[in-house]
There are 2 protein chains.
Amino acid sequence: MASEQSENYLKNIYKLSSGEGKVTTSSLSDKLQISPASVSEMIKKLAEEGTLTHTPYKGVELTDEGKKLALRIIRKHRLWEMFLVEVLHFRWDEIDDEAERFEHIMSDKMEDKIDHALGHPLIDPHGDPIPTKDGELKCPMSHPMSDVRAGSTVRVVRVSDSNSEMLQYVASIGISLNKEIHIKQKMNFDNSMLVKIDNNEFNISSIIASNIFVENV
Amino acid sequence: MASEQSENYLKNIYKLSSGEGKVTTSSLSDKLQISPASVSEMIKKLAEEGTLTHTPYKGVELTDEGKKLALRIIRKHRLWEMFLVEVLHFRWDEIDDEAERFEHIMSDKMEDKIDHALGHPLIDPHGDPIPTKDGELKCPMSHPMSDVRAGSTVRVVRVSDSNSEMLQYVASIGISLNKEIHIKQKMNFDNSMLVKIDNNEFNISSIIASNIFVENV
DNA sequence: AAATAAAATTAGGAATGCCTAAATTTAACT
DNA sequence: AGTTAAATTTAGGCATTCCTAATTTTATTT
């Protein structure tokens, strides 16, 4: 069995690689906030366990087994996030930290019970897809709102959960999943956008816009 | 902050002492399934942290702070057990192991949300009282069914959660909280009892009877 | 009260997973 | 191509928490 921390490494390697491709020691070190030396050690251990392949000085890549484990953790994380919002009425900016701890101690039985209680949800509260139990993950088509050109109207499909403060702000101006947003204008000097949400207008910075994923409507 | 394992020690010391009195190294060792040597070490550490007092070779006793921490863990454990049964429809024999892991990673915020979602329950699914947030614990009056004399009718108030197999068996013969049981006869040769539950008769061993707590009806 | 048994503690060691500092390898620049 | 910078890995340590074996203290028994 993979230790709790091993699971964390696998999950984050998966996320950094977006499923495919190599991940460097330093990017993992950044993401996990663990020194490169420690990451290097752990990588050696995981390679011995067979969950990833390591080409020294070149980076790591998950094996099929490693990918499966990573997706299972991500599934548990996202199911739990969904549960926190739907059943316990947490806000979407509060749930990531809770799920971070919980994903590792959630039994398979509980995974099933929650999946059932929620009616087999396909996405989590941020719009991230929930992998199936056997490791399949279908991402709905979408693009960052920062790429949308002025004049068009889009629907929110997903909001990056990387920053709780941003999620809180985004919610405070009325943005939630499936909400329609009209892009009125793009500011050339800072790439911010003037948008209309529920008849209110806001200026959205390019950083925020690049964390909001939308589809055309 | 107390580590996960420290919390386990405190919780089990509390349970062994039933709130008051000294607990020996060996009883803890038995309960935790950890060698006496390791227990001895950990005790030293906990004594330094101030959560218990240790008289070498004589045993330990929780300080007020230790008791408070222990009761908080027990509260989280029992709230979570209640939640597993009420919301996720686990059986009462499945929940102890799940709660065992969860009690340590449950944030105070989640404790409150669950308490609220359940309507501030006073007992868990086995009938064990749930301590209040500030460490108060009122035990409803009850006595083991093994002490009840033949001919009387009693109501189930609590069933010891120490053995999952027993809980499963007890449920299978129709015993649940608040169920009325009529004691028809006590067998002298093995102290087992002949009881009537929902018009069915069963022979209950003295061991089982001593794990079922009842009040007179 | 002395001998033996039982309980508790200390000593020495292992696994996990982190760290800093030093060494090595790769990449980048003149 | 050679030097410097950046990334990576190895070396040596530390904290936690467990273990077995040896020692010490307490309790029991004759």
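Everything quoted here is computed from the prediction, not taken from an experiment. A, B, ... follow the sequence lines: proteins, then strands. Residue 1 opens every chain.
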### Query
Does A:Ser35 have a side-chain nitrogen or oxygen under 4.0 Å from the phosphate oxygens OP1 or OP2 of C:dC19?
yes

### Message
Under 4.0 Å between a side-chain nitrogen and a carboxylate oxygen: does that hold for A:Lys109 and B:Glu98?
### Response
no

### Atom pair distance, as rounded to whole Å: CD1 in A:Ile34 and C1' in D:dT8
16 Å

### Query
Are OP1 or OP2 of D:dC18 and a side-chain N or O of B:Tyr9 less than 4.0 angstrom apart?
yes

### Query
A:Lys45 side chain N/O closer than 4.0 Å to the phosphate oxygens (OP1, OP2) of D:dT9?
no

### Message
For a quick test of reading the model: is some side-chain N or O of A:Ser3 closer than 4.0 Å to OP1 or OP2 of C:dG17?
### Response
yes

### Side chain to side chain, B:Ser176 and B:Val156, heavy atoms closer than 4.5 Å
no

### Task
Ignoring backbone atoms, test whether B:Lys44 places a side-chain nitrogen or oxygen under 4.0 Å from the OP1 or OP2 oxygen of C:dT10.
yes

### Query
A:Pro56 or A:Glu41: which one's nearest nucleotide on DNA chain D is closer to the 5' end?
A:Pro56

### Message
For A:Ser192, is there any backbone N or O sitting under 3.5 Å from a side-chain donor or acceptor partner on A:Ser206?
### Response
no

### Query
Between A:Lys133 and A:Asp108, is the closest basic N to carboxylate O distance under 4.0 Å?
no

### Whole-Å gap separating C1' (D:dC18) and CG (B:Asn8)
14 Å

### Message
Does the plane of the ring in B:Phe83 sit parallel, tilted or perpendicular to the ring in A:Phe83? Use 30° and 60° as the thresholds.
### Response
perpendicular

### Query
Given atom NZ of A:Lys22 and atom P of D:dT8, what is their separation to the nearest angstrom?
12 Å

### Message
What is the distance, to the nearest angstrom, from the CG atom on A:Leu28 to the C1' atom on D:dT9?
### Response
15 Å

### Message
Measure CE/B:Met42 against P/C:dT9 and give the value in whole Å, please.
### Response
15 Å

#### Entry: Least distance between heavy atoms, B:Trp80 atom then B:Met106 atom
CB-SD, 4.4 Å

### Message
Any base atoms under 4.0 Å from A:Ser38, or only sugar-phosphate, or nothing? Heavy atoms, all strands.
### Response
base

#### Entry: Out of D:dT26, D:dT9, C:dG17, whichever nucleotide has its closest atom nearest the side chain of A:Tyr57
D:dT9

### Query
Just to confirm, is there a sub-4.0 Å distance from OP1 or OP2 of D:dC18 to any side-chain nitrogen or oxygen of B:Gln5?
yes

### Query
Could you state the CD1-P distance from B:Ile43 to C:dA8, rounded to the nearest angstrom?
9 Å

### Task
Would you mind reading off the distance between A:Glu49 atom CD and C:dT16 atom C1', rounded to a whole angstrom?
11 Å

#### Entry: Between D:dT9 (P) and A:Glu48 (CD): distance, integer Å
14 Å

### Message
Does a side-chain N or O of A:His54 approach OP1 or OP2 of D:dT8 to a distance below 4.0 Å, or not?
### Response
no

### Query
Quick one: is A:Ser40 getting a side-chain N or O under 4.0 Å of the D:dT10 phosphate, OP1 or OP2?
no

### Message
When you measure from the side-chain N and O atoms of B:Ser26 to the phosphate of C:dA6, is any distance below 4.0 Å, counting only OP1 and OP2?
### Response
no

### Task
Give A:Thr25 one of three labels, base, sugar-phosphate or nothing, depending on what nucleic acid heavy atoms sit under 4.0 Å from its own.
sugar-phosphate

